[in-house]
Amino acid sequence: MIISIKELLNSENYGNKVNVKGWVRTKRGSKNVAFIALNDGSTINNIQIVVEVNEQNENILAKIHTGASISVDGELVKSEGKGQNVEINSIKIEILGESNPDEYPLQPKKHSLEFLREIAHLRFRTNTFGAISRIRHAMIFAVHSFFNERGFCNVHTPLITASDAEGAGEMFRVTTLPAKDAPTNEEGNVDFSNDFFGRETNLTVSGQLEAELAAMALSKVYTFGPTFRAENSNTTRHLAEFWMIEPEAAFYDINDNMDLAEDMLKYCVKYALDNCKEDIEFLSKRLQEEEKTKPQNERSQELIEKLNFVLENNFERVTYTEAIDILRNSKPNKKKKFQYIIDGWGADLQSEHERYLVEKHFKKPVILIDYPKEIKSFYMKQNDDGKTVRAMDILFPGIGEIVGGSQREENYDKLVTRMNEMGVPTKDMNWYLDTRKFGTVPHSGFGLGFERLMLFVTGMGNIRDVIPFPRTPKNAEF
RNA sequence: UCCUCUUUAGCUCAGUUGGUUAGAGCACCUGACUGUUAAUCAGGGUGUCCCAGGUUCAAGUCCUGGAAGAGGAGCCA
């Protein structure tokens, strides 16, 4: 039976004979005794292997370097040194895989995140990415657990789609047609009738529309899957391939929707604090060392404090119109410090405005509702004022928009009118419109970018560092 | 896509007004040390100065173009 290092470190069965396997982080030594810090990814902590140097193991020890994999039979003992409670006195040590120190790029020291991105196949082996990977797993689990506890049914929506009506962004085409000399029709356009699906298909930008179909029977559903956007976005908050959580619930109005989103975010944050303590503490320390280089006033809140703060405070719910008033009367607006000055109603809010509301004015997460209909999607429920729709965006400090959602327009005629106004082709969308034709009900939903949640929980600054193999413009390695 | 910055050893970076043979710390190798905690101490320099042109007696340094990376903006989750 293989015992993980996590279990061994929590064990007090001193004197037990154990076998431990893992990867060497560091080896230190003198003439007579060597110390190996061994990690197997089960925890951020290493177990110390103590090796008495003798003629039999001298050669083996010489081949053990950072990155090598070894198997150790030994005795679990109380540590004689400081820094750890438990360690293993090696009896027999076996090299599973050597690691040439001249070629292995990871050293027992800090590397820049940019460098580690270039060696994403090895960065799992660092403390930082080990911690992030374990937290990512915990967050995936927490999401499913949250919805399961509330009676939501997980639905797998398609990744390949022929619908392009979502309007959420540029799409990646899926085709088996040759890239060179693709067949064309009479108008000179690519003829997709001979393509695999007999029509033009793309990777999905959202599972929302299909989730709505399911919600019209199962009441409460959610999707949690990959999403693809071919936008040429080069920021710390965007990926071309990311994972999105999209609940959709029948009979939920915008307030139920906001409650759901806020509960969910808090549930996940609490789950992380309760279950990933050591990893979060490590990331917090790492972050604070990085912050030391910044001037005092630019330093951000300590990670655990920041997470607790979100748990303990209700998100501020503000209408778009109120937000515009606040911004119009704000100091940076009056002193023309904003790059985009707010002078009237109707403009979309820029990042600087969102940041002002969250970080300066309310100093906590903000939910903005009732946006002008012109700047939002066709499927959002229109308010009685004729100007606004029941949209909600949740804004988080340092991240911006983490959730975007709305109550959906359930009235067939209003929806069709709005689609026509916005140039959304209704003829390809009969399957969607049928939900409003047969037994339509008020319903709501939202989209949560999983990696943005990860950014918040880990405190990392770049979205490319919270997903194992980031896909961004000009980068699809590994 | 736009704006700004960056690119020098395996990694992090220094390199002055253009001027000998391009430097430091860490990693690595060798040696010392009976318990170390990213061990310590002594010795050893490993290079397509991102690429292609240009200016110049002379370019890591200046100019033009390109590539890659980062930060910000837009788009959004």
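Atom set for the values below is all heavy atoms of this structure, side chains included, hydrogens, waters and symmetry mates excluded. Reminder, nothing fancy here: chain letters follow the sequence lines and each chain counts from 1.
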Heavy atoms of A:Met264 and A:Leu448 approach each other most closely as CE-CD2, 3.3 Å

Closest heavy-atom pair, A:Arg28 versus A:Gln48, reported as atoms and distance to 0.1 Å, is NH2-OE1, 3.3 Å

What residues 398-405 of chain A contributes to the RNA chain B interface at heavy-atom separation below 4.0 Å is A:Glu401, A:Ile402, A:Val403, A:Gly404

Residues in residues 233-243 of chain A with a heavy atom under 4.0 Å of RNA chain B, by number, are A:Ser233, A:Asn234, A:Thr235, A:Thr236, A:Arg237, A:His238, A:Leu239, A:Phe242

So, under a plain 3.5 Å distance rule, would you say the side chain of A:Gln84 forms a donor-acceptor pair with the base of B:U36? yes

Is the base of B:G74 touched by the side chain of A:Gln350 through a donor-acceptor pair closer than 3.5 angstrom? no

Can you tell me how far C1' in B:G45 sits from the matching atom in B:U61, rounded to whole Å? 23 Å

Separation of the P atoms in B:C41 and B:U36, to the nearest angstrom: 15 Å

Please check if the side chain of A:Ser69 supplies one atom and the backbone of A:Gly97 the other of a donor-acceptor pair under 3.5 Å. yes

Cut-off 3.5 Å, side chains only: do A:Glu354 and A:Ser351 have a donor facing an acceptor? no

Looking for any heavy atom pair under 4.0 Å, which part of the strands does [X] touch: base, sugar-phosphate only, or nothing?
X	value
A:Glu354	nothing
A:Gly447	sugar-phosphate
A:Gln48	base
A:Glu114	sugar-phosphate

Please write out each protein N/O paired with an N/O of nucleotides 28-34 of chain B under 3.5 Å, distance rounded to 0.1 Å.
residue, atom, partner, partner atom, Å
B:C28, O2', A:Asp102, OD1, 2.8
B:C29, OP1, A:His65, NE2, 3.1
B:C33, OP2, A:Lys31, NZ, 3.2
B:U34, O4', A:Asn32, ND2, 3.2

Heavy-atom neighbours of [X] [atom1] exceed 12 at 6.0 Å:
X	atom1	answer
A:Phe469	CZ	yes
A:His121	NE2	yes
A:Lys306	NZ	yes
A:Lys270	NZ	no

First of A:Phe35 and A:Asn232 reached from the 5' end of RNA chain B, by closest nucleotide: A:Asn232

One pair to check against side chain to side chain contact (heavy atoms under 4.5 Å, CB included): A:Met429 and A:Phe378. What are the steps and the verdict? CA-CA 13 Å; A:Met429 301 275 294; A:Phe378 71 90; 4.1 Å; yes

Look at the side-chain N and O atoms of [X] and state whether any lies under 4.0 Å from the OP1 or OP2 oxygen of [N].
X	N	answer
A:Ser79	B:G35	no
A:Arg464	B:G71	yes
A:Arg452	B:C76	no

Dot-bracket, RNA chain B: Watson-Crick or G-U, under 3.5 angstrom, [ ] crossing, | other strand? (((((((..((((.....[...))))((((((.......))))).)...(((((..]....))))))))))))....

[X] has a side chain; which of [options] sits nearest to it?
X	options	answer
A:Thr26	B:G74, B:A38, B:G35	B:A38
A:Met244	B:C76, B:A77, B:C11	B:A77
A:Arg229	B:C76, B:G35, B:A27	B:C76

A:Arg408 bridged to A:Glu248 by N-O distance under 4.0 Å: yes

Measure from the ring center of [X] to the ring center of [Y] and say whether it is less than 6.0 Å.
X	Y	value
A:Tyr222	A:Phe446	no
A:Phe124	A:Phe129	no
A:Phe450	A:Phe224	yes

Applying side chain to side chain contact (heavy atoms under 4.5 Å, CB included), can you list everything that pairs with A:Thr66, at least two apart in sequence or on another chain? A:Tyr104, A:Pro108

Can you give the donor-acceptor pairs under 3.5 Å from side chains of residues 277-284 of chain A to other protein atoms, not counting sequence neighbours?
residue, atom, partner, partner atom, Å
A:Lys277, NZ, A:Glu281, OE2, 3.1
A:Glu278, OE1, A:Asn45, ND2, 3.2
A:Glu278, OE2, A:Asn45, ND2, 3.3
A:Asp279, OD1, A:Arg134, NE, 3.4
A:Asp279, OD1, A:Arg134, NH2, 3.0
A:Asp279, OD2, A:Arg134, NE, 3.0
A:Ser284, OG, A:Glu302, OE2, 2.4

